[in-house]
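Residue numbers start at 1 and run along the sequence shown. Counting convention: from 1, in listed order, for ligands and their atoms alike.
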Amino acid sequence: MNHSELERIARGMVAPGKGILAADESTGTIKKRFDAIAFESTETNRQLYREMLLAAPGINEAISGVIMYDETLRQKTRAGVPFPQHLASLGIFPGIKVDQGAKPLANFPNETVTEGLDGLRERLKEYHGLGARFAKWRAVIDIGAGYPTRFCIEANAHALARYAALCQEQGIVPIVEPEVLMDGAHSLETCEAVTDEVLCETFRALAAHRVHLEGIVLKPNMVISGKKNAARATPEQVAEATVRCLRRWVSPAVPGIAFLSGGQSTTEATLHLSLMNRQPLPWALTFSYGRALQDSALKAWGGKPANFEAGQREFMRRARLNGLAAKGGYTADMESGAA
Ligand code: 13P
């Protein structure tokens, strides 16, 4: 394992003013996104949509890495260039989702554990050969009456750490993603307490598995009130609580933290990131958004060939605004003007 190469990639993934595009929706998830615009989810259509995003003019000005799904990693641009090579030629790191989804945790109602460790070493070898330089594994922690349990948090942290160690062994930077969901009716305080426990346990497991912290990127949730909570926390409260929580648990050895958007609106996700970046921080703080980068572009495109460029422009508008937010330079009034 070459630590300096892992460190170089990890630092590049969180380069100043840039962030990661999460475009690794599984075939089931992308179908849901296409259903919303009444667009059929065929392999050809999925290629077309991913090409709209990955070949958007100027993408490398705001995007440092793209997380792909197995199918996308093997697809090509219409000009015949494999997507990983297309991205690499623009100085963008190709990434791959390697987990196989959150599955019910036996004997623990309402809780899940992420699967995909069996055979992972061989899959990572193949993905590296196809051009992937980083990977993603998402653990899911839900909040409800009586959960999450300590056992669920430990089981997920253990799997994340085994995944991270295997990635580094194969020269691939692991994105370590322990996501505390914002779907419930819980308060910001509850989210903070659960996120505290999850990050503490995740970093304990990473240390136990001898993971090289300088060669990972952490992808956490923000500390935020649940979507069903009528008293939503303000953007300032979210920014303050998130940074406070991360400072407690994330060693400054970690080069960067790239947030998931988790169901926040596109503008909320950008504002929260910008507010957090208005102070000196021990790590780079940027985005690894899926929905918050894609939703408005998907709508602007609508699956219509005539709107292909309009979709690209909308994607780039959000990518650039989030790039500004990664430097603390975004304000809400930029939404109306040109980015
Ligand atoms: P969202 O930003 O839509 O939460 O997706 C990010 C991601 O990669 C989830 O695993």
Side-chain angles (χ1 to χ4, degrees), residues 13-14 19-36 49-50 53-54 62-73 93-103 112-116 132 134-143 156 159-160 163-164 167 173-184 191 195 198 202 216-224 226-227 238 242 256-273 276 285-299 315 318-319 321-323 325-326:
M13 288 164 64
V14 295
I20 297 164
L21 164 65
D24 59 322
E25 299 82 6
S26 63
T27 307
T29 303
I30 198 72
K31 182 180 180 313
K32 277 192 236 157
R33 306 275 188 268
F34 282 2
D35 283 348
Y49 175 58
R50 263 63 184 254
L53 300 174
L54 274 46
I63 299 293
S64 56
V66 177
I67 319 175
M68 288 173 277
Y69 187 59
D70 183 274
E71 177 184 271
T72 318
L73 194 77
F93 292 105
I96 178 75
K97 182 226 293 290
V98 299
D99 70 67
Q100 294 176 329
K103 304 288 161 60
T112 60
V113 66
T114 300
E115 296 189 351
F134 72 94
K136 173 188 121 168
W137 178 288
R138 172 175 177 253
V140 181
I141 306 292
D142 202 1
I143 300 179
N156 276 290
L160 269 172
Y163 141 83
C167 283
V173 169
I175 289 188
V176 174
E177 180 178 4
E179 174 174 6
V180 177
L181 294 178
M182 63 177 288
D183 295 345
C191 179
T195 306
V198 167
T202 299
I216 73 165
V217 170
L218 178 71
K219 176 162 172 167
N221 52 284
M222 293 185 198
V223 174
I224 193 165
K227 267 196 261 182
V238 171
T242 304
I257 298 173
F259 292 102
L260 58 96
S261 59
Q264 299 177 39
S265 75
T266 51
T267 50
E268 271 178 334
T270 312
L271 180 59
H272 289 149
L273 180 62
M276 283 186 252
L285 219 56
T286 187
F287 58 92
S288 174
Y289 294 159
R291 285 162 284 181
L293 274 173
Q294 294 184 52
D295 280 357
S296 58
L298 190 62
K299 226 167 130 193
F315 164 60
R318 287 252 62 90
L321 289 172
N322 282 302

Do Asn221 and Cys191 have side chains that approach each other closer than 4.5 Å (heavy atoms only, starting at C-beta)? yes

Any salt bridge between Glu177 and Lys97, counting N to O under 4.0 Å? no

At a heavy-atom distance under 4.0 Å, which protein residues reach ligand 1? Sort them by chain and number, would you? Ala22, Asp24, Lys136, Arg138, Glu177, Lys219, Leu260, Ser261, Gly262, Ser288, Tyr289, Gly290, Arg291

Apply ring pair (Phe, Tyr, Trp, His ring centres under 6.0 Å) to Phe134 and list each qualifying residue two or more places apart in sequence or on a separate chain. none

Can you sort out the partners of Phe93 under ring pair (Phe, Tyr, Trp, His ring centres under 6.0 Å), two or more places apart, ordered by chain and number? none

Residues forming a side-chain hydrogen bond (donor to acceptor under 3.5 Å, both in side chains) with Asn156, sequence neighbours excluded: none

Should the pair Lys299-Asp295 be classified as a salt bridge under the 4.0 Å nitrogen-to-oxygen rule? no

